Number of protein chains: 4
Amino acid sequence: MATTPGPARVLRSQGLRTKARLLEAGMQVLGERGYRATRVDDVVGRAATSHGTFYLYFQNVGEMFRALAHVAADDMAALADELGPIAPDAGGRKGLRTFLGRFLETYERHGPVIRAWAENQVDDPDLISLGLDTFGGIASVLRERMDDAGVTHLPDAAVATTVLLGTIERLVYYATSRPLELDDGALLDELAGMLHRGFFGASR
Amino acid sequence: MATTPGPARVLRSQGLRTKARLLEAGMQVLGERGYRATRVDDVVGRAATSHGTFYLYFQNVGEMFRALAHVAADDMAALADELGPIAPDAGGRKGLRTFLGRFLETYERHGPVIRAWAENQVDDPDLISLGLDTFGGIASVLRERMDDAGVTHLPDAAVATTVLLGTIERLVYYATSRPLELDDGALLDELAGMLHRGFFGASR
Amino acid sequence: MATTPGPARVLRSQGLRTKARLLEAGMQVLGERGYRATRVDDVVGRAATSHGTFYLYFQNVGEMFRALAHVAADDMAALADELGPIAPDAGGRKGLRTFLGRFLETYERHGPVIRAWAENQVDDPDLISLGLDTFGGIASVLRERMDDAGVTHLPDAAVATTVLLGTIERLVYYATSRPLELDDGALLDELAGMLHRGFFGASR
Amino acid sequence: MATTPGPARVLRSQGLRTKARLLEAGMQVLGERGYRATRVDDVVGRAATSHGTFYLYFQNVGEMFRALAHVAADDMAALADELGPIAPDAGGRKGLRTFLGRFLETYERHGPVIRAWAENQVDDPDLISLGLDTFGGIASVLRERMDDAGVTHLPDAAVATTVLLGTIERLVYYATSRPLELDDGALLDELAGMLHRGFFGASR
DNA sequence: TATGAATGAGTGTTCATTCAT
DNA sequence: TATGAATGAACACTCATTCAT
């Protein structure tokens with residue numbers, strides 16, 4: 001009796017491989033077509049399997065997305081745990097830069113799911129909550145770090161955090177979606193500097 | 001003379017009213033459902049007219065979106081024209097704040113269209129170009145203002161502008177889409193302050 | 001109280017002109033698009049008038065076709081009256097050739113209607129009858145001429161006549177529809193010769 | 001793997017049967033309603049299957065027609081290969097009569113497709129070409145036979161061949177479409193005799 | 001007499017999901 | 001465990017016809 005939805009089946013190695021292939025394919029299609037335009041047909045085509053097989057592993061398309069979302073949420077949560085204190089000095093800047101680098105990596109792996117969340121495309125209330133919790137978790141760590149850094153110039157820390165995370169998400173999205181002429185490293189450096197100055201009290 | 005839409009059809013006042021009603025309804029549905037999930041059925045339902053009537057005014061759903069997009073683009077372009085010089089002093093901050101206020105207003109009117117652009121949901125190459133041009137126009141004005149303000153601390157102005165505009169768009173999106181507990185004014189004040197500091201060389 | 005269907009209205013000169021324009025346009029569209037693909041939209045577009053006006057003169061599309069068909073039937077009937085005796089000599093050949101020339105002229109005027117008949121596209125039983133009667137009228141004149149010419153070598157005159165008329169119709173159709181490299185005159189000469197030999201007992 | 005039709009789909013026996021049923025039904029509807037009026041609804045109704053199933057085997061209605069057309073073209077081409085020399089004597093007449101019999105059989109199988117071609121209803125340029133090539137193939141064989149028979153009395157062989165083939169097609173059409181009071185055999189005898197005299201130099 | 005506007009039934013096509021093998 | 005086959009509800013779009021002005 002599994003807690004997760006779907007047929008309560010015990011998967012042997014072949015089954016596990018097939019399911020993994022479907023998830024992998026699902027993520028790819030999601031990235032290329034977007035949440036609303038993702039078709040089971042494309043997923044099974046890319047996973048080189050059949051419609052029938054898809055429904056052997058997922059009760060419906062939503063459940064596949066849910067599976068992808070939970071993995072993404074776990075990875076995002078792990079991200080938050082890694083963010084140490086951020087002082088207004090060069091070391092703090094470096095720490096922020098490292099965090100952004102890890103954020104980008106996570107985004108590269110789970111971008112399609114994260115974007116569906118960020119762009120409010122999901123209908124399932126549970127998934128919406130999951131997204132809000134996940135983002136909220138990161139936001140509160142960021143806010144703690146701001147408090148630790150003794151940042152007092154921000155009249156409303158909650159708003160500031162929203163601004164901060166929104167900025168990060170969107171920028172990393174730009175970095176991953178379009179072929180920018182500048183490389184990711186430069187973009188992250190720039191972003192880290194700006195955020196460091198704007199939110200953590202660093203001066204130029 | 002013909003039933004098909006296009007420049008050949010001459011609209012009288014009743015026709016103009018119906019078309020306006022359809023556009024209004026289209027914008028609403030777009031906002032609620034998103035670009036991909038906008039159904040003609042919902043649009044005509046909300047405009048209290050029939051399926052057939054829709055196609056009297058638009059060749060297809062895409063064309064309705066195109067009409068909405070062009071209006072939005074015009075309003076956005078007008079926005080850029082209003083942005084004066086932004087000095088690193090309190091006056092500059094105020095100018096930036098005013099601009100953001102106007103940006104929010106525009107967003108409130110055209111948010112669904114702007115979001116479809118910003119979220120890369122549009123397929124039509126012409127519309128993509130229109131979006132890029134429109135955003136690019138605002139970006140280049142912003143950049144000019146930065147140059148005018150003698151901002152030199154930014155290693156890559158192009159990236160910075162993208163960061164800046166992306167941030168604004170996403171934040172204003174949050175402000176308009178979710179019922180935030182804080183009011184718009186506070187959010188804009190915060191945002192103006194942060195951008196003023198982060199981009200236009202203002203100090204606390 | 002008119003015997004023809006449609007609104008029993010007395011048309012003044014402007015109305016007559018409009019109706020004529022619609023009929024003319026209807027015939028053109030019929031020729032270009034074919035019976036099944038003829039759209040009211042195209043007809044009124046070509047007649048430079050409106051949908052509403054169309055239904056001022058015809059109760060429905062079928063009625064317009066009926067009007068065209070009756071004119072065509074009259075012209076075809078007149079054709080039959082002109083066919084004199086056809087002897088197996090050069091004079092007979094010439095007479096047949098003249099008849100074919102007149103047939104072609106009529107076809108050029110009413111081709112679209114005639115084709116709709118010949119190709120069995122019409123559903124209205126009355127119109128089908130009209131078509132059969134019209135063709136039958138010509139066929140029986142042709143048969144009379146064969147009898148007059150003392151043609152006895154044909155085992156079944158009814159079949160022969162059908163063959164004969166079918167051949168004529170199809171050939172004239174080719175002549176009018178496709179841009180043949182040879183001119184109409186040559187085609188008719190050839191056809192007249194063949195029919196003269198094949199049906200009227202002429203020798204080479 | 002995918003649901004969309006095309007070379008990628010591998011059909012098993014059940015699928016092959018269903019496709020055959022659809023083609024059979026398609027031909028029937030085509031024959032009854034004509035090319036322009038053929039509705040998917042009627043086809044699937046007659047094939048006792050569903051709308052969705054149709055699109056499992058054909059991308060659209062046009063493709064189904066294309067499939068039917070290619071089979072017809074093959075059968076027509078085979079027909080041409082069977083036509084031997086036609087002398088002006090009784091043997092030649094018999095050969096021609098046999099050919100017409102085979103033509104009729106083919107027409108009975110593929111009439112609806114052939115008629116759509118002959119009546120210029122098809123829009124797809126490839127299909128038009130296929131039709132012209134197929135008819136042209138038969139025409140050129142007929143012409144060769146005329147040349148072989150030493151026929152010299154025809155001023156323009158190309159026109160004569162067109163006349164000949166057009167006559168055959170239309171007549172066979174009459175034979176198959178309407179319930180004629182005379183039987184097919186008699187019609188073909190008559191036709192063979194007439195063509196033999198008219199084109200291959202036979203005398204009575 | 002003319003016309004723009006409106007309508008809704010009809011039709012082609014897509015796609016998530018179920019089923020038999 | 002896998003898969004091809006089947007389904008039907010949903011959706012975009014067309015077009016003959018009616019109506020108000």
Side-chain angles (χ1 to χ4, degrees), chain A residues 9 11-15 17-19 37-44 48-62, chain B residues 1-4 9-19 37-44 48-62, chain C residues 9 11-15 17-19 37-44 48-62, chain D residues 1-4 9-19 37-44 48-62:
Chain A
R9 290 189 311 130
L11 299 182
R12 311 267 270 278
S13 72
Q14 186 187 356
R17 274 204 313 279
T18 304
K19 184 170 186 176
T38 290
R39 304 280 164 253
V40 175
D41 209 59
D42 301 322
V43 176
V44 300
T49 182
S50 68
H51 270 196
T53 301
F54 181 94
Y55 286 90
L56 224 47
Y57 296 97
F58 306 103
Q59 287 204 329
N60 49 46
V61 176
Chain B
M1 325 255 166
T3 5
T4 45
R9 277 198 79 215
V10 181
L11 297 184
R12 297 206 189 146
S13 71
Q14 187 184 353
L16 289 171
R17 274 204 313 279
T18 303
K19 185 171 185 176
T38 291
R39 304 277 164 255
V40 176
D41 227 41
D42 302 323
V43 176
V44 299
T49 183
S50 72
H51 235 131
T53 300
F54 180 93
Y55 288 92
L56 221 47
Y57 296 97
F58 307 102
Q59 294 224 359
N60 48 48
V61 183
Chain C
R9 289 188 311 129
L11 299 182
R12 310 266 269 279
S13 73
Q14 187 186 355
R17 273 205 312 279
T18 304
K19 184 169 185 177
T38 290
R39 304 280 165 253
V40 175
D41 209 59
D42 301 322
V43 176
V44 299
T49 182
S50 67
H51 270 196
T53 301
F54 181 94
Y55 287 90
L56 224 48
Y57 295 97
F58 307 103
Q59 287 205 330
N60 49 47
V61 177
Chain D
M1 325 253 168
T3 5
T4 44
R9 278 197 79 214
V10 181
L11 297 184
R12 298 204 189 147
S13 71
Q14 188 184 352
L16 288 171
R17 273 203 314 278
T18 303
K19 185 170 185 177
T38 291
R39 303 280 164 252
V40 176
D41 228 42
D42 301 323
V43 176
V44 299
T49 182
S50 72
H51 237 131
T53 299
F54 180 93
Y55 288 92
L56 221 49
Y57 296 96
F58 306 102
Q59 294 223 359
N60 48 48
V61 182

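Chain letters run A, B, ... following the sequence lines, proteins first and then strands; every chain starts at 1. Quick caveat, the model's predicted, so the values are computed rather than measured. Values below: every heavy atom of this structure, side chains too, minus hydrogens, waters and symmetry copies.
- By the 30° and 60° cut-offs, the orientation of the rings of Phe54(D) relative to Phe58(D) is tilted.
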Item to complete: Test Asp42(C) against Thr38(C) for side-chain contact (heavy atoms from CB on, under 4.5 Å), laying out the working first.
Response: CA-CA 7 Å; Asp42(C) 301 322; Thr38(C) 290; over 6 Å; no
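- Between Asn60(C) atom CG and dT18(F) atom P there is a gap of 8 Å when expressed in whole angstrom units.
- Atom pair Tyr55(A):OH and dA2(F):P shows a separation of 17 Å (rounding to whole Å applied).
- Here dG4(F) presents its P atom at 12 Å from CG of Asp41(A), a figure rounded to the nearest Å.
- For the OP1/OP2 pair of dT1(F) and a distance below 4.0 Å, the side-chain nitrogens and oxygens of Thr18(A) include no atom meeting the criterion.
- At the heavy-atom level, Gly52(D) lies under 4.0 Å from base atoms of the strands shown.
- Each of dA5(E), dA2(E), dA5(F) was ranked by its minimum atom distance to the side chain of Tyr57(D); first place goes to dA5(F).
- Atom-to-atom, CG of Leu56(C) to P of dG4(E) comes out at 14 Å; the value is rounded to the nearest Å.
- Where Phe54(B) and Gly15(D) meet DNA chain F, the nucleotide closest to each residue was compared, and Gly15(D) sits on the side nearer the 5' end.
- Residue contacts for Ser13(C): at a heavy-atom cut-off of 4.0 Å it reaches no nucleic acid atom on any strand shown.
- Put simply, the residue from Thr18(D), Thr49(D), Leu16(D) that forms a side chain to side chain contact (heavy atoms under 4.5 Å, CB included) with Tyr57(D) is Thr18(D).
- With dT1(F), dA6(E), dA2(E) as the choices, the nucleotide that has an atom nearest any side-chain atom of Ser50(B) turns out to be dA6(E).
- When Watson-Crick and G-U wobble pairs are counted only if both distances are under 3.5 Å, dT21(F) pairs with dA2(E).
- Residue-to-nucleotide proximity on DNA chain E shows that, of Thr38(A) and Arg12(B), the 5′-proximal contact is made by Arg12(B).
- Among dT17(E), dG12(E), dA5(E), the nucleotide with an atom closest to any side-chain atom of His51(A) is dT17(E).
- Lys19(D) places its NZ atom 15 Å from the P atom of dG4(F), with the value rounded to the nearest Å.
- Regarding Arg17(D), its CZ atom lies at a distance of 15 Å from the P atom of dA20(E), rounded to whole Å.
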Practice prompt. Kindly indicate, with the supporting measurements, whether the criterion side-chain contact (heavy atoms from CB on, under 4.5 Å) is fulfilled by His51(C) and Asp41(C).
Written response: CA-CA 7 Å; His51(C) 270 196; Asp41(C) 209 59; 3.2 Å; yes
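- In this entry the distance linking CZ of Arg39(A) with P of dT13(E) reads 17 Å, nearest Å.
- For Gly62(B) and Thr53(A), each mapped to the nucleotide of DNA chain F holding its nearest heavy atom, the one lying further toward the 5' end belongs to Thr53(A).
- The CD-P distance, from Gln14(B) to dT3(E), rounds to 17 Å in whole Å.
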Practice prompt. Any chance you could lay out the side-chain contact (heavy atoms from CB on, under 4.5 Å) test for Arg39(D) and Val61(D), step after step, and finish with the verdict?
Written response: CA-CA 8 Å; Arg39(D) 303 280 164 252; Val61(D) 182; over 6 Å; no
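- Taking every side-chain heavy atom of Leu11(C) into account, dT1(E) is the closest of dT1(E), dA5(F), dT3(E).
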